[in-house]
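Below is one structure, written out as structure tokens, with a few remarks after it.
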Amino acid sequence: MKKTGSLKISRQRPEENEDFFNRVYRVTGMIPFGRVTSYGAIARYLGSGQSARTVGWALNASHCQPWFVPAHRVVNRKGQLTGKHHFGNSSTMQQLLENEGLIVDDDRIVNFREKFWDPSTEFK
DNA sequence: ATTCTGACAGCAA
DNA sequence: TTTGCTGCCAGAA
């Protein structure tokens, strides 16, 4: 199949032939500043709606990527920061989110509905 | 090849 | 509404 040139730049639409982890990283990179999405939403966007857990597993290794993967912008369906223990300090994820103007209360994104960004419907 | 695991999500209660 | 149980699938503890 045709390659889209020699682009190795991050933040671009996931390609079909990329392995799952890489596609997860790319979608995660598309999440706008100050917005969040869920593991399941990413999985659905990648055409594998039952692989939400694997998305989390991929993000667990995202720090190995050569470019910045805003993994803190991915929370669970309820808007809870279930992955916070995978950041250096258990409060790091919340701090990163607050730095983007989000409000976190009791490990949940306040106004999650409004801040939620679904790649399946909002990516253009 | 097989088995186990997990940053989940759907559904029943 | 929230909690607990179960199925899911891509990697590797």
Side-chain angles (χ1 to χ4, degrees):
Chain A
M1 56 189 79
K2 184 72 164 63
K3 295 186 60 177
T4 56
S6 57
L7 286 177
K8 290 179 179 170
I9 301 173
S10 42
R11 300 171 193 267
Q12 61 177 287
R13 194 163 200 162
E15 296 179 38
E16 303 287 326
N17 58 342
E18 278 186 300
D19 48 86
F20 195 77
F21 276 31
N22 254 307
R23 296 167 70 202
V24 169
Y25 302 146
R26 300 217 182 202
V27 183
T28 302
M30 305 188 317
I31 305 171
F33 183 95
R35 302 291 297 282
V36 292
T37 192
S38 68
Y39 303 95
I42 291 175
R44 285 195 299 280
Y45 176 74
L46 294 178
S48 187
Q50 327 285 120
S51 305
R53 306 184 72 175
T54 307
V55 171
W57 182 236
L59 292 179
N60 187 49
S62 64
H63 64 278
C64 297
Q65 287 303 295
W67 54 286
F68 177 63
V69 178
H72 59 286
R73 295 177 190 150
V74 186
V75 298
N76 79 357
R77 183 174 56 165
K78 303 172 186 172
Q80 299 173 307
L81 283 55
T82 49
K84 70 176 194 173
H85 295 300
H86 295 270
F87 292 80
N89 186 320
S90 65
S91 63
T92 301
M93 184 176 186
Q94 178 171 334
Q95 295 184 340
L96 287 170
L97 290 168
E98 293 178 332
N99 287 342
E100 301 191 7
L102 292 164
I103 300 174
V104 178
D105 177 56
D106 192 29
D107 287 337
R108 276 193 230 180
I109 301 290
V110 174
N111 287 148
F112 180 52
R113 290 281 302 271
E114 297 171 23
K115 303 300 180 182
F116 183 68
W117 180 84
D118 186 353
S120 297
T121 61
E122 299 193 55
F123 177 64
K124 51 271 183 213

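Chain letters run A, B, ... following the sequence lines, proteins first, then strands; residues in each count from 1.
Listed candidates were B:dA7, C:dC8, C:dA10. Nearest to the side chain of A:L59 is B:dA7. Side-chain proximity of A:R53 to B:dG6, C:dT3, C:dG11: nearest is B:dG6. Checked against B:dA7, C:dT2, C:dC9, the side chain of A:Q50 finds its nearest nucleotide in C:dC9. Relative to the side chain of A:R77, the nucleotides C:dT3, B:dA9, C:dA10 differ in distance, and B:dA9 lies closest.
For the OP1/OP2 pair of B:dC8 and a distance below 4.0 Å, the side-chain nitrogens and oxygens of A:T82 include at least one atom meeting the criterion. For A:T54 and C:dG11, the shortest distance from a side-chain N or O to OP1 or OP2 is not below 4.0 Å.
The residue A:A71 sits close to a base: some heavy atom pair falls under 4.0 Å. Note on A:N60: a base of the nucleic acid sits closer than 4.0 angstrom, heavy atoms only. Across all strands, A:F20 comes closer than 4.0 Å only to sugar-phosphate atoms, never to a base (heavy-atom distances).
Taking both residues in full, the closest heavy atoms of A:R108 and A:K78 are given as CD-O, 4.2 Å, listed atom of the first, atom of the second, then distance. Scanning both residues, A:A41 and A:F116, for their nearest heavy atoms gives CB-CZ, 3.8 Å.
A:F21 and A:Y25 have perpendicular rings, their planes meeting at more than 60° on a 0 to 90° scale where under 30° would count as parallel.
Judged by Watson-Crick or G-U wobble contacts below 3.5 Å, the nucleotide B:dT2 has no partner.
Atom P of nucleotide B:dC8 and atom CG of A:N76 are separated by 7 Å, given to the nearest angstrom.
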